[in-house]
Amino acid sequence: MKRNSDAAARAPRGRLGNVLLNLLITLIAGAVYFYVAIPAINLQSGEFYSFVFMLCMIYLLCALVTSGFRGKKGEKPFQRGQLKEYLTFIKQQCLPVGILLIAMVVVIVVGQIVSMPIFRAGAYRDLLTVENGEFTQDISQISFNEIPTLDRDSANYLGDRQMGTLSDMVSQFDYSNSSTQINYQGRPVRVAPIAYADLIKWFTNRGEGLPAYVVVDMVTQEAQVVRLPEGQGMKYSFSEPLNRNILRHLRFQYPTFMFSTPRFEIDEEGNPWWIAPKVVKTIGLFGGTDIDGAVLCNAITGESQYYAKDEVPTWVDNVYTPELIMQQYDYHGTLINGFINSVLGQRDVTITTQGYNYIALNDDVYVYTGITSANADQSNLGFLLSNQRTKETKFYDAPGATEYAAKASAEGEVQDLGYEGTFPLLLNIAGEPTYFIPLKDNTNLVKSYAMVNVAQYQIVATGGTVSQCEQEYIKLLSESGVTTTEELPQTEASGVIAEIRSAVLDGNTYYFFRLEGEDVFYAVSAADSQAAVILDAGDSVTIEHDVPDAESASDILSGGTITSYQRAEASAPTEVEPAPPVTGQETEPADTQTGTETVPEEAA
């Protein structure tokens with residue numbers, strides 16, 4: 001009888017009760033971790049294995065803590081065979097968890113091995129299909145009202161500054177500094193939601209949601225806070241701390257989906273959306289990261305819908321991230337002749353350069369990056385353009401300087417002003433691949449512009465406006481023999497003035513000249529060309545103007561300057577000294593505000 005009571009005293013407490021208690025604690029801890037970390041319940045997700053490993057560790061810890069012994073008074077711990085009995089009990093309780101841990105480790109190791117490029121070089125190479133493109137055919141010379149002149153940092157600075165002008169919002173909300181470049185109604189813009197200023201501001205405003213978002217025009221450098229209709233604020237965003245946090249909201253709706261970071265966009269009607277690309281692993285268990293469609297979530301209502309990659313609406317611009325496209329090209333370029341060649345011989349091995357930019361083409365946003373050889377020298381072999389919605393990718397053969405070499409060359413032209421260049425944007429100027437580089441001061445404001453020839457990066461032109469920069473660059477191309485006069489776009493018009501009109505735009509007086517035999521008006525600012533004030537119909541004039549856009553039907557060419565003129569009663573033309581480029585002032589296009597005089601319809 002006494003022996004039985006001693007055995008009972010030494011036995012672990014309530015085995016079934018302890019197991020249930022351990023499971024309950026593990027379940028509670030797991031629920032808290034899942035709510036905070038929101039891992040995808042997916043065997044291809046590394047976060048899932050971390051989640052399961054954490055649950056196993058919590059259960060094992062609970063088993064060790066709750067499986068106590070009641071020894072006799074005065075006995076030392078684990079006397080008289082208690083240690084063996086205790087370990088046997090722990091083994092019985094923890095065996096299933098231990099087996100699960102071992103199985104997980106086996107799956108992870110095997111999964112990593114079968115996903116390695118050394119075994120699947122062909123699959124990694126074929127992640128991205130790259131076609132060869134023709135530069136002058138695929139990338140036509142675009143109008144200057146389509147050229148983005150801001151980078152991400154400058155756009156965010158302007159957006160934040162615009163928020164500071166709104167007294168009713170600035171005390172409650174902040175600019176989120178998380179902008180996305182899109183094409184909106186045919187214009188390249190950056191859009192970003194606003195965010196709650198702090199937790200208290202969230203608590204007091206969460207009922208109405210975020211009342212606005214910010215749009216920054218990448219061409220005109222104008223920032224606008226777009227207010228949403230009353231009662232239709234954005235309820236779902238990154239600044240929500242609880243269930244309406246966009247990541248948590250998507251995870252609860254799609255628990256097995258792996259997502260790339262959701263990006264904020266607006267449709268053509270200005271409705272706010274979150275675009276969450278669905279990530280898949282296509283090689284082995286963990287390799288071959290790719291995108292398989294996207295979930296579109298209405299930022300106001302939270303309604304979500306998944307679209308396969310071939311069904312994503314055309315207004316969406318960001319499905320494939322630049323980083324993913326560059327990673328896939330690096331696999332394509334390095335493994336083009338197999339894995340061994342990528343390490344030893346490196347024949348025909350190419351990689352992307354460091355950095356990228358965006359180009360707006362055909363109402364889509366393309367990511368641009370340079371392609372260089374594996375030895376990473378200071379020259380490019382060409383460049384890559386990839387559609388961020390469809391992943392259609394083309395390589396263009398254009399040997400020349402790397403983006404950073406061109407950037408340094410442009411900064412050297414304005415080193416006395418201390419301007420810093422943004423990452424170059426590739427343009428077609430007079431049929432020549434050309435780096436376009438906005439130059440910023442130390443406040444992130446664009447003050448000047450540079451154009452650098454890709455093939456001959458010593459050909460550098462700068463100007464206070466895009467038009468001035470382009471005209472100077474075209475002259476340098478001709479002087480350097482890169483292009484002939486016949487190949488250059490026409491930027492000068494001469495003739496007799498048939499008609500003059502004027503208007504006040506943004507506080508400046510503009511004169512619109514139409515020459516005899518022409519239908520187009522040439523817009524000239526009196527501030528840039530004072531001779532415009534004294535000219536009359538019948539006078540002869542020579543005007544430098546912007547490059548005409550072949551696809552535009554506009555009857556007005558802007559940005560012109562008068563280089564010479566001859567009054568009707570004069571016997572010889574008068575030469576006009578060119579005005580120096582204004583590189584120390586921020587340039588912005590004129591608003592369309594008409595004065596009291598007659599003005600052509602397109603200028604009004």
Side-chain angles (χ1 to χ4, degrees), residues 139 141-162 179 181-183 187-190 215-223 322 353-360 365-370 383 401-429 432-454 457 459-474 476 546-547 558-559 581-590:
I139 305 177
Q141 183 159 322
I142 64 175
S143 170
F144 288 117
N145 63 0
E146 297 175 341
I147 299 177
T149 59
L150 296 174
D151 64 354
R152 183 195 306 269
D153 292 338
S154 297
N156 287 338
Y157 175 82
L158 293 176
D160 184 60
R161 190 176 68 174
Q162 184 64 23
S179 62
Q181 183 162 330
I182 64 171
N183 274 357
R187 301 282 293 179
V189 302
R190 277 195 170 272
V215 178
V216 180
D217 193 304
M218 302 291 287
V219 178
T220 66
Q221 305 180 23
E222 296 175 351
T353 54
Q354 298 297 317
Y356 59 86
N357 213 328
Y358 302 96
I359 298 177
V365 176
Y366 285 72
V367 63
Y368 148 79
T369 187
F383 59 92
T402 64
E403 296 91 333
Y404 284 99
K407 179 172 172 284
S409 182
E411 290 172 345
E413 291 292 309
V414 292
Q415 59 183 339
D416 57 323
L417 299 173
Y419 294 162
E420 180 183 356
T422 65
F423 190 83
L425 178 68
L426 193 73
L427 299 179
N428 177 359
I429 304 295
E432 285 291 311
T434 302
Y435 290 125
F436 174 71
I437 307 172
L439 299 165
K440 305 184 297 181
D441 62 10
N442 56 9
T443 63
N444 264 335
L445 290 176
V446 175
K447 297 295 187 179
S448 185
Y449 305 92
M451 289 185 179
V452 182
N453 188 268
V454 172
Y457 70 100
I459 301 178
V460 184
T462 60
T465 66
V466 177
S467 174
Q468 291 175 357
C469 181
E470 184 266 351
Q471 291 181 17
E472 179 64 22
Y473 178 71
I474 287 177
L476 291 177
D546 289 350
V547 177
S558 61
V582 186
T583 59
Q585 299 179 359
E586 181 180 1
T587 57
E588 295 184 2

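Counting begins at 1 with the first residue of the sequence. Values below: every heavy atom of this structure, side chains too, minus hydrogens, waters and symmetry copies.
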**Asked** Where do Lys440 and Thr422 land on the side chain to side chain contact (heavy atoms under 4.5 Å, CB included) test, with the steps shown first?
**Response** CA-CA 7 Å; Lys440 305 184 297 181; Thr422 65; 3.8 Å; yes

For [X] and [Y], indicate whether the former's side chain and the latter's backbone hold a donor-acceptor pair under 3.5 Å.
X      : Y      : result
Glu403 : Gly355 : no
Ser448 : Gly463 : yes
Thr462 : Ala450 : no
Arg190 : Ala155 : no
Thr149 : Val219 : yes
Tyr457 : Tyr435 : no
Ser179 : Asn156 : no
Thr443 : Asp441 : no

**Request:** List in chain and number order the residues that pass salt bridge (Lys or Arg N to Asp or Glu O under 4.0 Å) with Asp217, two or more places apart in sequence or in another chain; answer none if no residue qualifies.
**Result:**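 Partners of Asp217 under the salt bridge (Lys or Arg N to Asp or Glu O under 4.0 Å) test: Arg187.
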
**Request:** With sequence neighbours left out, write down each residue that passes side-chain hydrogen bond (donor to acceptor under 3.5 Å, both in side chains) with Tyr157, or none if nothing qualifies.
**Result:**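 Counting only residues at least two positions away or on another chain, Tyr157 forms no side-chain hydrogen bond (donor to acceptor under 3.5 Å, both in side chains).
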
**Message:** Taking salt bridge (Lys or Arg N to Asp or Glu O under 4.0 Å) as the cut-off, I'd like each qualifying pair that reaches into residues 412-428, sequence neighbours left out, listed once.
**Reply:**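 Salt bridge (Lys or Arg N to Asp or Glu O under 4.0 Å) check on residues 412-428 returns no pairs.
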
**Prompt:** Should we count OH of Tyr368 as having more than 12 external heavy atoms under 6.0 Å?
**Reply:**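 Atom OH in Tyr368 is packed in, count exceeds 12.
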
**Message:** Whether the Asn453 and Tyr473 side chains hold a donor-acceptor pair (N or O, under 3.5 Å, no angle test) is what I'd like checked.
**Reply:**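 Yes - a donor-acceptor pair under 3.5 Å links their side chains.
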
**Glu472-Tyr449 side chain donor-acceptor pair, cut-off 3.5 Å** =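 Tyr449 and Glu472 do not have a side-chain donor-acceptor pair below 3.5 Å.
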
Nearest heavy atoms of [X] and [Y], plus distance in Å:
X      : Y      : answer
Leu158 : Gln221 : CD1-O, 3.5 Å
Val367 : Pro322 : CG2-CB, 3.6 Å
Leu476 : Val460 : CD1-O, 3.2 Å
Ala406 : Val452 : O-CG2, 3.8 Å

**Item:** Nearest-0.5 Å distance, CG of residue Asn357 to CD1 of residue Ile359
**Value:**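 These two atoms lie 7.5 Å from each other.
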
**Request:** To the nearest 0.5 angstrom, please state how far the CG atom of Leu427 sits from the CD1 atom of Ile437.
**Result:**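 Between Leu427 CG and Ile437 CD1, I get 10.5 Å after rounding to 0.5 Å.
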
**Prompt:** Do Arg161 and Leu445 come within less than 4.5 Å of each other through their side chains, counting heavy atoms only?
**Reply:**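 Yes; the side chains approach each other to less than 4.5 Å.
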
**Item:** Pairwise side-chain contact, Ile474 with Gln471, heavy-atom cut-off 4.5 Å (strictly under)
**Value:**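 Sidechains of Gln471 and Ile474: no contact.
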
**Message:** Pair Glu411, Lys407 - check salt bridge (Lys or Arg N to Asp or Glu O under 4.0 Å), show working.
**Reply:** CA-CA 6 Å; Glu411 290 172 345; Lys407 179 172 172 284; 3.1 Å; yes

**Message:** In this structure, is the centre-to-centre distance between the rings of Phe423 and Tyr404 below 6.0 Å?
**Reply:**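 When the ring centroids of Tyr404 and Phe423 are compared, they turn out to be within the sub-6.0 Å range.
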
**Prompt:** Looking at Val216, Leu150, Ile182, which one forms a side chain to side chain contact (heavy atoms under 4.5 Å, CB included) with Val189?
**Reply:**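 Running side chain to side chain contact (heavy atoms under 4.5 Å, CB included) over Val216, Leu150, Ile182 with Val189 returns exactly one hit, Ile182.
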
